[in-house]
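First comes the structure, then the notes that go with it.
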Number of protein chains: 2
Amino acid sequence: MDQSLRALGGKAKAASARPATWPGRFRNGIAPRRILQTGDHLFEAGDAQSDAFIVRSGHLKSYRVHRDGEEQILGMHGPGDVLGFDILIGRPASCSVVALEIASLELVDLGRGEVGDAGTAGYMSVLEGMYRELQRFSRLLYMDRHPAERRLAEFLLDFSREEGERGRSYYDLMLPFNRRDLACFLGLAPETLSRTFSRFQERGILSVDNREIHIIDNEALVAAAGE
Amino acid sequence: MDQSLRALGGKAKAASARPATWPGRFRNGIAPRRILQTGDHLFEAGDAQSDAFIVRSGHLKSYRVHRDGEEQILGMHGPGDVLGFDILIGRPASCSVVALEIASLELVDLGRGEVGDAGTAGYMSVLEGMYRELQRFSRLLYMDRHPAERRLAEFLLDFSREEGERGRSYYDLMLPFNRRDLACFLGLAPETLSRTFSRFQERGILSVDNREIHIIDNEALVAAAGE
DNA sequence: CGTATGTTTGATAGTTTTCAACTTCAGTGG
DNA sequence: CCACTGAAGTTGAAAACTATCAAACATACG
């Protein structure tokens, strides 16, 4: 429980330019950074003494491991996403976050005690962030009840849109996740995911080379996503 | 997006006895009530001019209808749950809420503008409520990736625990939802749900008569839930 | 009663998982 | 330079699970 707080992320970015928007949120207006190498953990489930961060570059995944050893991936996080929700409300992390590639993160200092003092701006930002997160989960739940092709198509379109918004190509994608993680995130067996990629390639919708994906027929992909 | 805010609900209940816990949250300490008949809507997706409520008695469901006409049930709500999250943060309702039986609800007056003024108590309550909601969704996502038997077993154990916490029987359950709604909530076809009930009955785990469920072999049910 | 609605059951088709084998590729050491 | 090795990805065949279609059954209600 953390993540895609684009609303929060957006406001935080604005604040580093115009500190008045989010008074006292960043130390001296220059937020400390943290660099993670591939495989490094930002924090792990149970950690109580950490901080919240905004992703600046790179991708990370948040996950939990259940009693039976099963891994549940809760989210894939890229630039602009906020991680560390539990910490913001003073609870130990309910999930672990690990870097999938070299990642740069910026500290969010919501100094626990002063939340209510600084007016309603920070309050609303966090609330809206959580609200967006709820909507993300609600969407995941919805996706989970559709067949594999639709799930993958929706994911690729989401990822494509995000990459586009970050100024990169909509159609030439380099996935930061391996097959196993992506399969787990989509709730599929790795073999099923592989087969689905293959089928999309056979139909000329995608060109697939491991993590390098090219969207060839965007309309067909949108149709496969069913909306 | 609303619901199982047991944290929020709990505090609100305490507040009606000791208003100091949640200053100014209820009008004159006596919260206005609202009674819904079966099938009545509390609000519908898109409504902007509503309020947030705490369920006092009865059960309701929150749902959304997608473009393709598919219904997605986001939650089943009983006494203590809070409904109307979107409204609390000033957005139109993102889902509809309808009573599944006669229900009594109590108004939550978080008078939008004064959220930050009254100190951090209300702030933390809402945050914790949303946090619990995130955890509920995360659990739903997890459940959705298990086979039908396990899903039903987990649901029944959850429902049993909730009924027990409300002072009712853990083992003699009267479901407030019909098969179609429960199937939709669990992400199953109604026929699959019916068959799963039948199998549990054949194995002597449950006795099933439409909405009247008796848990006969609790250990076996726990085992079926896989934890 | 007759009708409408909700539930159960059976048969079948469709999808996904599982298990196993095979391929590819990067890294390693002879 | 090349064979060896292990991890990751792909493919095939069979099994497991679920949805769908159809029909029977039950119930409530006019």
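Note that this is a predicted model, so its numbers are computed, not measured. Each chain gets a letter, A, B and so on, in the order its sequence line appears, and its residues count up from 1.
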Rounding to an integer number of Å, can you tell me how far [X] [atom1] sits from [N] [atom2]?
X: B:L193; N: D:dA19; atom1: CG; atom2: P; answer: 10 Å
X: A:D209; N: D:dA8; atom1: CG; atom2: P; answer: 17 Å
X: A:F197; N: D:dT10; atom1: CZ; atom2: P; answer: 8 Å

Close N or O pairs between protein and nucleotides 21-26 of chain D (under 3.5 Å):
{"unit_1": "D:dC21", "atom_1": "N4", "unit_2": "B:E191", "atom_2": "OE2", "d": "3.1"}

Strand-adjacent residues in [range], judged by heavy atoms under 4.0 Å from DNA chain C:
range: residues 172-189 of chain B; answer: B:N178, B:R179, B:R180
range: residues 141-151 of chain A; answer: A:P147, A:A148
range: residues 152-160 of chain A; answer: none

ask   = Who pairs with B:R34 by salt bridge (charged side-chain N to carboxylate O under 4.0 Å, His left out), at least two apart in sequence or on another chain?
value = none
ask   = For A:D217, what residues pass the salt bridge (charged side-chain N to carboxylate O under 4.0 Å, His left out) criterion, not counting sequence neighbours?
value =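 Result, salt bridge (charged side-chain N to carboxylate O under 4.0 Å, His left out) vs A:D217: none returned.
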inquiry  = Based on the rotation axes of five pairs at each end, what angle does the helix from C:dC1-D:dG30 to C:dG30-D:dC1 bend through, to 10°?
reply    = 20°
query = Among pairs that include at least one residue of residues 202-215 of chain A, which meet salt bridge (charged side-chain N to carboxylate O under 4.0 Å, His left out), considering only residues two or more places apart or in two chains?
reply = A:E149-A:R203
key: Residue pairs fulfilling salt bridge (charged side-chain N to carboxylate O under 4.0 Å, His left out) with at least one residue in residues 181-190 of chain B, sequence neighbours excluded   =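 For residues 181-190 of chain B: B:K61-B:D181.
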request  = Using ring-ring contact (aromatic ring centres under 6.0 Å, His included) as the criterion, list what pairs up with B:H66, not counting sequence neighbours.
outcome  =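 Counting only residues at least two positions away or on another chain, B:H66 forms a ring-ring contact (aromatic ring centres under 6.0 Å, His included) with A:Y142.
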query = Among side-chain atoms of A:Y131 and B:D86, is any donor-acceptor pair under 3.5 angstrom?
reply = yes
query = If you walk 5' to 3' along DNA chain C, what is the first nucleotide with an atom under 4.0 Å of a heavy atom in chain B, and what is the last?
reply =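 Reading along DNA chain C, I get C:dT7 to C:dA11.
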Please report, to 0.1 Å, the donor-acceptor pairs under 3.5 Å made by any side chain of residues 186-198 of chain A, with sequence neighbours excluded.
{"unit_1": "A:T196", "atom_1": "OG1", "unit_2": "A:T192", "atom_2": "O", "d": "2.7"}
{"unit_1": "A:S198", "atom_1": "OG", "unit_2": "A:S194", "atom_2": "O", "d": "3.0"}

